[in-house]
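Just so it is clear, the structure is predicted and the values come from calculations on it, not from any experiment.
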Amino acid sequence: MPLPKLNLPALPKGRHYRFHAMVKPSGSECNIDCDYCFYLHKADLLNHENGSRMSEGMLEQHIRQYIESQTGDQVVFSWQGGEPTIMGLDFFTKVVALQAKYSKPGQRIENDLQTNGIAIDDEWAAFLKTNRFLVGLSIDGPEDLHDVYRKTRNGKPTFEYVLRAATALRQAQVPFATLCVVNRVNAKHGKRVYRFLVDEIGAQRVQFNPAVEPRIFKEQAPRKMDFAQAPIQDSPSARPGHPLSIVTDWSVDPDDYGHFLSDVWDEWYATDFGKIHVNLFETAVAQAAGLSAQTCTQAQFCGKGLAVEHNGEVYSCDHFVYPEYRIGNINETHLGDLAFSATQEKFGMDKCNTLPKQCLQCDYLKLCWGECPKNRLIRSKDGEVGLNYLCTGLFHFYKHIDLDLVQILRQLGYLK
């Protein structure tokens with residue numbers, strides 16, 4: 001079978017092709033069973049066989065194509081799952097070797113690995129340090145909050161495993177970020193969660209991701225629901241816990257999310273500004289200064305963050321791994337051509353082009369841009385479809401930090 005060739009048109013001098021792909025080498029397979037996981041069901045949804053793994057041939061295809069299709073001076077590989085450490089150290093040793101084989105002169109290859117930490121020991125930490133991997137460690141706060149939803153397959157707590165992983169990473173001096181899923185429970189403890197991640201875990205980079213999934217997320221793809229049945233903003237069914245709620249019980253309440261971010265912001269701004277990187281805060285500062293968003297969720301357009309499954313199937317986004325959003329397979333079409341295809345371009349542009357009027361008239365449009373399209377589950381107060389489930393919380397947060405942003409821009413020289 002001939003290898004797919006890259007057919008992208010030539011770019012004007014000085015411009016570059018750049019995109020990002022999250023690779024799922026073990027598919028949806030994981031060694032724990034988090035209640036709120038949005039990916040474990042993909043094996044059934046996509047008819048994957050149990051124990052499906054990325055083959056050496058497919059690994060080489062992906063690495064070759066990913067490097068070939070990007071012309072910037074940096075290429076970032078992101079290894080996710082499921083749980084990517086299931087693949088073992090031998091697999092990632094091959095990853096590093098293949099990257100060296102295909103890297104272009106003057107091109108910097110970077111790797112990041114998102115993990116639940118269960119498998120991370122001193123041997124893993126030494127490998128990650130030697131090969132300059134950035135690690136994302138999933139942890140939802142102190143033990144009593146973390147263990148609410150993050151459990152082993154037999155229902156046991158996982159906190160001690162994650163604590164052990166954080167210790168191994170710190171001792172080996174592996175740079176790592178904490179990824180905290182803000183859910184219905186820990187959202188009520190913003191300052192406590194933040195201080196724990198920074199003071200106890202030692203994170204210099206903190207990422208907060210809101211837990212939001214419609215009740216039917218295992219069967220129905222995002223943006224494919226019957227929006228005529230979507231609840232109105234602030235109605236009881238537009239919140240978790242209601243018998244007819246649009247979302248799962250573990251989804252974060254939108255108002256709680258806004259208060260969580262506001263509480264964490266106050267603590268961060270008072271004590272850690274300039275020292276600790278918080279993804280949503282740094283991107284708010286950048287956007288207020290007229291710079292590009294640093295997170296896809298707050299960007300005006302999306303579409304440059306693809307997902308590559310273990311079998312070479314490519315989907316529009318990590319959160320859109322459903323048959324409706326499959327855009328091809330790297331065994332048949334070069335990854336670069338899929339990334340810049342008309343289908344993927346439309347997917348990315350739709351984020352901005354489908355915003356309801358309430359968003360377009362919002363004072364904070366250019367800080368939010370409707371957040372992630374997967375969360376556009378409700379109707380605006382005038383009944384228009386496609387409003388983000390988190391809207392009230394996000395509006396509260398941006399209003400809360402409004403004056404602080406002005407002060408920060410003055411400090412940084414963007415305002416006089």
What I want to check is whether the side chains of Y161 and N31 have a donor and an acceptor closer together than 3.5 Å. no
F208 and F281 aromatic ring geometry - parallel, tilted or perpendicular at 30°/60° bounds: tilted
Does any N or O in the side chain of K191 come within less than 3.5 Å of the main-chain N or O of V264, such that one atom is a donor and the other an acceptor? no
With no hydrogens and no angle check, just 3.5 Å: does a side-chain donor-acceptor pair link R195 and T271? yes
Return the minimal non-hydrogen interatomic distance between S380 and L387, and the atom names on each side. CA-CD2, 3.7 Å
Does the N183 side chain pair with the main chain of N186, one donor and one acceptor, at a distance under 3.5 Å? yes
Test your reading of the model: is there a side-chain donor-acceptor pair from Q65 to the backbone of L335, 3.5 Å cut-off? yes
For the pair R150 (side chain) and I139 (backbone), establish whether a donor and an acceptor sit closer than 3.5 Å, ignoring hydrogens and angles. no
How about R223 and T354: do any of their side-chain heavy atoms sit closer than 4.5 Å? yes
Donor-acceptor check, side chain of K366 to backbone of Q287, threshold 3.5 angstrom: yes or no? no
Under a 4.0 Å N-O cut-off, is there an ion pair linking D90 with K94? no
Establish, yes or no, whether a centroid distance under 6.0 Å links the rings of F38 and F217. no
Out of curiosity, L46 CG to N311 CG, how far, rounded to the nearest 0.5 Å? 8.0 Å
Could you grab the distance from atom CD of Q344 to atom CD1 of I327, nearest 0.5 Å is fine? 4.0 Å
Within the 4.5 Å heavy-atom criterion, are H396 and L261 side-chain neighbours or not? no
Flag, side chain of D147 to backbone of T158, donor-acceptor distance under 3.5 Å: yes
Could you tell me if the side chain of L405 sits less than 4.5 Å from the side chain of Y398, heavy atoms only? no
Side-chain contact test, heavy atoms from C-beta onward, threshold under 4.5 Å: evaluate it for W369 versus C352 and give yes or no. yes
Any chance the side chains of E83 and N116 put a donor and an acceptor closer than 3.5 Å? yes
I want to check something: taking the side chain as every heavy atom from C-beta on, are E313 and V308 in contact at a cut-off of under 4.5 Å? no
What orientation do W268 and W265 show, parallel under 30°, tilted 30 to 60°, or perpendicular over 60°? tilted
Is the closest side-chain heavy-atom distance between F92 and L113 below 4.5 Å? yes
Would you say R64 and Q61 are linked by a side-chain donor-acceptor pair, where the criterion is simply a distance under 3.5 Å? yes
Quick one: is the NZ or CZ of K224 closer than 6.0 Å to the six-membered ring centre of Y325, and within 45° of its axis? yes
Shortest non-hydrogen contact between A238 and I246, atoms and distance: CA-CG2, 4.4 Å
Judged by modelled atom types alone, do S78 and Q114 share a side-chain donor-acceptor pair under 3.5 Å? no
Show the numbers, then the answer: is there a side chain to side chain donor-acceptor pair (under 3.5 Å) between Y364 and D402? CA-CA 9 Å; Y364 304 112; D402 198 328; 3.0 Å; yes
Close side-chain approach of C368 to F397, heavy-atom, < 4.5 Å: no
Min side-chain heavy-atom separation V148-R184 under 4.5 Å: no
For D122, is there an ion pair with K129 - N to carboxylate O distance below 4.0 angstrom? no
Spell out, as yes or no, whether a donor-acceptor pair under 3.5 Å connects the side chain of T130 to the backbone of A126. yes
Exam field: side chain Y66 to backbone A21, donor-acceptor pair closer than 3.5 Å: yes
Look at D253 together with R239 and state whether they make a salt bridge at an N to O cut-off of under 4.0 Å. yes
When you measure from the side chain of N329 to the backbone N and O of N331, does any donor-acceptor pair fall under 3.5 Å? yes
Under 3.5 Å, is there a donor on one side chain and an acceptor on the other for H310 and E29? no
Check R164 with D121, please: is the shortest side-chain N to carboxylate O separation under 4.0 Å? no
Search all heavy atoms of G386 against all heavy atoms of P356 and return the closest pair with its distance. O-CD, 3.6 Å
Can you find a side-chain donor-acceptor pair between S28 and H41 that sits under 3.5 Å? no
Ignoring hydrogens, what is the shortest heavy-atom contact between R376 and D350? Give both atom names and the distance. NH1-O, 4.2 Å
Is a side-chain donor or acceptor of K351 paired with a backbone partner of A299 at a separation under 3.5 angstrom? yes
Salt bridge or not between K42 and E309? Use side-chain N to carboxylate O under 4.0 Å. no
Do you know the tightest heavy-atom contact between T392 and P254? OG1-CB, 3.5 Å
Side chains of S251 and E213: any donor to acceptor distance under 3.5 Å? no
Kindly indicate, with the supporting measurements, whether the criterion ring pair (Phe, Tyr, Trp, His ring centres under 6.0 Å) is fulfilled by Y322 and Y315. CA-CA 8 Å; Y322 291 81; Y315 297 85; 8.7 Å; no
Mind listing the closest non-hydrogen atom pair of L45 and V321 along with its distance? CD2-O, 3.7 Å
